[in-house]
Amino acid sequence: MNGLRVIFQREINAYLRSSVGYVVAATVLMLNGLLFYTQALGPEAEARVSGQVLAIFFYTASGLTVIASLVLSVRLIAEERQLGTQVLLNTSPVRDWEIVVGKFLAALLFITGITLTTLYMPLMILVNGKVSITQILVGYSGLVLLGAAVLAIGVFATSLTRSQLVATAVGAGITAVMFLFWPLSTVVDPPMSRVLSALALHGRHFSGFQQGLLHTRDVFYYLAVTYFFLLLATKVLEAKRWE
Amino acid sequence: MIQLTEVRKYFGEKRALGPVSFEIEPGGAVGFLGLNGAGKTTLLRILATDLHPSAGEVEIGGVSVAANPHEVRKRIGYLPETPPLYRDMAVGEYLKFVGQIKGLSLDSVDERIREVEEYTQLTPVHDEFTQNLSHGYRQRVGIAQAIIHKPELLILDEPTKGLDPVQVLELRGLIMRLKEEHTILVSSHVLTEISQTCDQVFVLNQGELIASGSEDEISANLTGTYRIILGARMAPDTQAEGLIQFIRKLPDITSVEMVQQDGQLLTLSVESPSDCRGSLSRSLVKSGHDVVRLELGSNELENLFVELLGQKVS
């Protein structure tokens, strides 16, 4: 566990030092503000109840969380290979899963921090409308869980290659396919529709969080996706030593 | 210390190494010599646990690398061809990271960083970012990270590559000092570097081990003879030719050649199928000659290397 802690600290410092971290944070904050103003508080806002406004906010924020998670995660292992520092980790008494989880947790903390900077928007709804703190907490839990799942996909993609561009393409491809399961599930027949709907990264599993409803099924889904892709990334690191 | 048994490594269909088997005792420095693409880096990466061999067994300090790589990694320090530096970290901060990741406790890591920085003369650049360092300093940081946890085995892959002559000399001095505390494996295609720093040499060609031993042993194995450089002050009234004839008649001597004569002082090159320096010196002294120099003279490593590769090719 010592290796995990040290790698976690190193990655957090790397985010705080790199311009990429700040650019992503500023962009997410700006776009969230713009979307909140134009979508959630748009021309039809007066016809909506405050719960609907909050749901729209979480819907738009989820898209930005997905993009930010991909951007932040694709450098994690590919960059180590580019710089030639992966060999340092490979030859140190650190286990592959500690490398993967240490990097993942640092990225998760950073994305959680970025997400929480948008808290003033739901708080405005709380003050001026009729939503509960629990609704807001559940919504943010959904954003963090969705972010964790996409980060794990990104970590897997970045473990495959030394090119951040290729890692971005692979990570975005997997995420896009898992997003498309939801619309696809509405046009195919059962039982395929049920399978696709259960596997979809957004839609069925995020809509509960968006409404402020916490389903253990959805929490379990995001945790399972996260675990699955982190496990794959660990196996890829192990396999790379055999290549 | 190190035992390799029938180790092979393939990259796809291409054989990069093996089969290679050898044993290395603890202490001293061992050089791996070979042309580019000979398999030196692949072999060192396997020993450093960065790569798994496709077949064969590797043991370091009695621990199997395949069965317990984690334990082996605690015992090794590795400097790859390009030092693995994080450009966004200062030297001290980087060494702290490496020290902790190699298992040093928070209490001991700062003290150890001070020691290592003094040892590798990095103290003046403690707060410098690694991206701003010269190539020579980067190489020193690379060595510092490899020794910070006091490993038993130190693996240095082409450590003087890209350095200027002064930096090469400094680094060579550093390696000589490190030999006192660690078993060192050094790879290089620069023959003088191996010749001057290593006690034992392994010569690789196209993934195969084609010779091993000390420079003298390789020389003897290759030519079948030991070449002895003899400096003798002749007894009064003795002619050079007489002394040469006297030595030729001694047992085990196959040839004697004059290298230099300065009055009564002769330098001779003596060849023998065995290391007969003891009997040679006793015979000379008994006959009234003084022995002022007596050493094994190897063929230059360059010549041996070319000859070895030539034999392999033919």
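Quick note on labels: first sequence line is chain A, next is B, and so on, each numbered from 1. Keep in mind that what you see is a predicted model, and the values were worked out from it rather than measured.
Your options are A/Glu79, A/Arg17, A/Lys240, and the one with the most heavy-atom pairs under 4.5 Å with chain B is A/Arg17. Interface remark: of the candidates A/Val6, A/Ile7, A/Asn13, A/Val6 forms the most heavy-atom pairs closer than 4.5 Å to chain B. Between chain B and the options A/Thr85, A/Asn90, A/Val87, heavy-atom pairs under 4.5 Å are most frequent for A/Thr85. Of the listed residues (B/Leu51, B/Ile76, B/Val72), the one with the most heavy-atom contacts under 4.5 Å to chain A is B/Leu51. When each of B/Met89, B/Arg73, B/Lys9 is scored by its heavy-atom pairs under 4.5 Å with chain A, the top score falls to B/Arg73. Most heavy-atom pairs under 4.5 Å with chain B: of the set A/Arg5, A/Arg10, A/Glu98, this distinction falls to A/Arg10.
Inter-residue side-chain proximity for B/His70 and A/Pro93 is flagged as met; some heavy-atom pair is nearer than 4.5 Å.
The distance from atom CZ of B/Arg45 to atom OG1 of A/Thr91, rounded to the nearest 0.5 Å, is 10.5 Å. Interatomic distance, A/Gln86 CD to B/Asp50 CG, rounded to the nearest 0.5 Å: 8.5 Å. Between A/Ser92 atom OG and B/Lys74 atom NZ the span is 12.0 Å, to the nearest 0.5 Å.
Only the side chain of B/Glu93 has a heavy atom closer than 4.5 Å to any heavy atom of chain A. Contacts of B/Pro69 with chain A are absent, with no heavy-atom separation under 4.5 Å from either backbone or side chain.
For a heavy-atom cut-off of 4.5 Å, chain A lies close to no residue in residues 19-32 of chain B. Contact annotation for residues 174-186 of chain B against chain A (heavy-atom separation below 4.5 Å): no residues qualify. Using a 4.5 Å heavy-atom cut-off against chain A, the contacting residues of residues 79-88 of chain B are B/Pro80, B/Pro84, B/Leu85, B/Tyr86, B/Arg87, B/Asp88. Contacts between residues 94-121 of chain B and chain A, defined by a heavy-atom separation under 4.5 Å, are made by B/Tyr94, B/Phe97, B/Val98, B/Gln100, B/Ile101, B/Lys102, B/Gly103.
Counting non-hydrogen atoms of other residues, nucleotides and ligands closer than 6.0 Å to OH of A/Tyr227 gives a total of 12 or fewer. Within 6.0 Å of atom OH in A/Tyr37, 12 or fewer heavy atoms from other residues, nucleotides or ligands are found, so the atom counts as exposed in its surroundings. Annotation for A/Arg81: atom CZ counts as buried by contact number, over 12 foreign heavy atoms lying within 6.0 Å.
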